[in-house]
Amino acid sequence: MVTKDLVKLINGKLVTYSEELENKEYLRAFACDLMSDCLAFLNDDHCILITGLINEHALRTALVLDIDCVIFARGKKVSEEMIDIAKLNRITLITTPLTLFEVSGILYQAGIKALKI
């Protein structure tokens with residue numbers, strides 16, 4: 001699934017976008033608010049990180065793991081500092097009013113698989 005389809009499905013808003021990733025196919029997702037779990041389990045660069053943790057730590061974790069698409073759930077607002085970091089590192093940021101559970105369920109029904117841990 002490509003970014004524009006993700007945004008539509010989850011009633012999302014595209015905060016940052018990297019044109020070079022426009023047609024990147026995302027196959028899996030991992031929903032988590034504990035960045036230590038992300039560091040322990042995420043191992044796939046075609047994976048989307050879904051989180052409600054809205055701070056620079058979430059972006060730094062994505063950078064370490066080569067994750068280039070982060071969905072922020074529960075209507076969280078992204079700071080200008082986070083937007084700057086995302087743009088600099090070509091990370092797509094999406095916000096949605098939906099909960100982690102809702103986003104996960106919608107993406108799963110649309111064919112996105114769970115990350116194998």
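A donor-acceptor pair under 3.5 Å is absent between the side-chain atoms of H57 and the main chain of M35, judged by distance alone. In terms of modelled atom types and a separation under 3.5 Å, the side chain of D37 and the main chain of A40 share no donor-acceptor contact. With hydrogens and angles ignored, the 3.5 Å screen pairs a side-chain donor or acceptor of E102 with a backbone N or O of T99.
Between L39 and V64, the closest side-chain pair of non-hydrogen atoms falls below 4.5 Å. The closest side-chain heavy-atom distance from L65 to T61 is below 4.5 Å. Contact annotation: the side chain of I94 never approaches that of V70 to less than 4.5 Å [non-hydrogen atoms, C-beta and beyond]. Inter-residue side-chain proximity for T51 and C32 is flagged as unmet; no heavy-atom pair is nearer than 4.5 Å. Using a 4.5 Å heavy-atom cutoff, the side chains of I71 and L49 are not in contact.
Distance CZ/F30 to CG/L42: 5.5 Å, rounded to 0.5 Å. To the nearest 0.5 Å, the span separating CG on N55 from CZ on R60 amounts to 11.0 Å. Rounding to the nearest 0.5 angstrom, the gap separating the CG atom in D84 from the CG atom in N89 is 11.0 Å. Atoms CD1 and NE2, on I67 and H46 in that order, are 10.0 Å from each other to the nearest 0.5 Å.
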request  = Begin with the C-alpha distance, continue with both residues' side-chain angles, and end with the deciding distance and a verdict on side-chain contact (heavy atoms from CB on, under 4.5 Å) for I54 and M82.
outcome  = CA-CA 9 Å; I54 192 83; M82 292 177 64; 4.3 Å; yes

task = Begin with the C-alpha distance, continue with both residues' side-chain angles, and end with the deciding distance and a verdict on side-chain contact (heavy atoms from CB on, under 4.5 Å) for Y26 and C47.
result = CA-CA 6 Å; Y26 294 99; C47 187; over 6 Å; no

Donor-acceptor pairs are to be reported for all side-chain atoms of residues 1-16 against protein atoms at under 3.5 Å, with residues two or more places apart or in another chain.
from: T16; atom 1: OG1; to: I91; atom 2: O; distance (Å): 2.7
from: T16; atom 1: OG1; to: L93; atom 2: N; distance (Å): 3.0

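Here K24 pairs with D68 under the side chain to side chain donor-acceptor pair (under 3.5 Å) rule; sequence neighbours left out. The side chain to side chain donor-acceptor pair (under 3.5 Å) check on E56 picks up nothing, with sequence neighbours excluded.
In the hydrophobic clustering of ILVMFWY residues, with side-chain heavy atoms under 4.5 Å counting as a link, I50 and Y108 come out apart. In this structure, L34 is not a member of the same hydrophobic cluster as L53, with clusters built from ILVMFWY side-chain heavy atoms closer than 4.5 Å. Residues F101 and V103 do not share a hydrophobic cluster, clusters being chains of Ile/Leu/Val/Met/Phe/Trp/Tyr side chains in contact below 4.5 Å.
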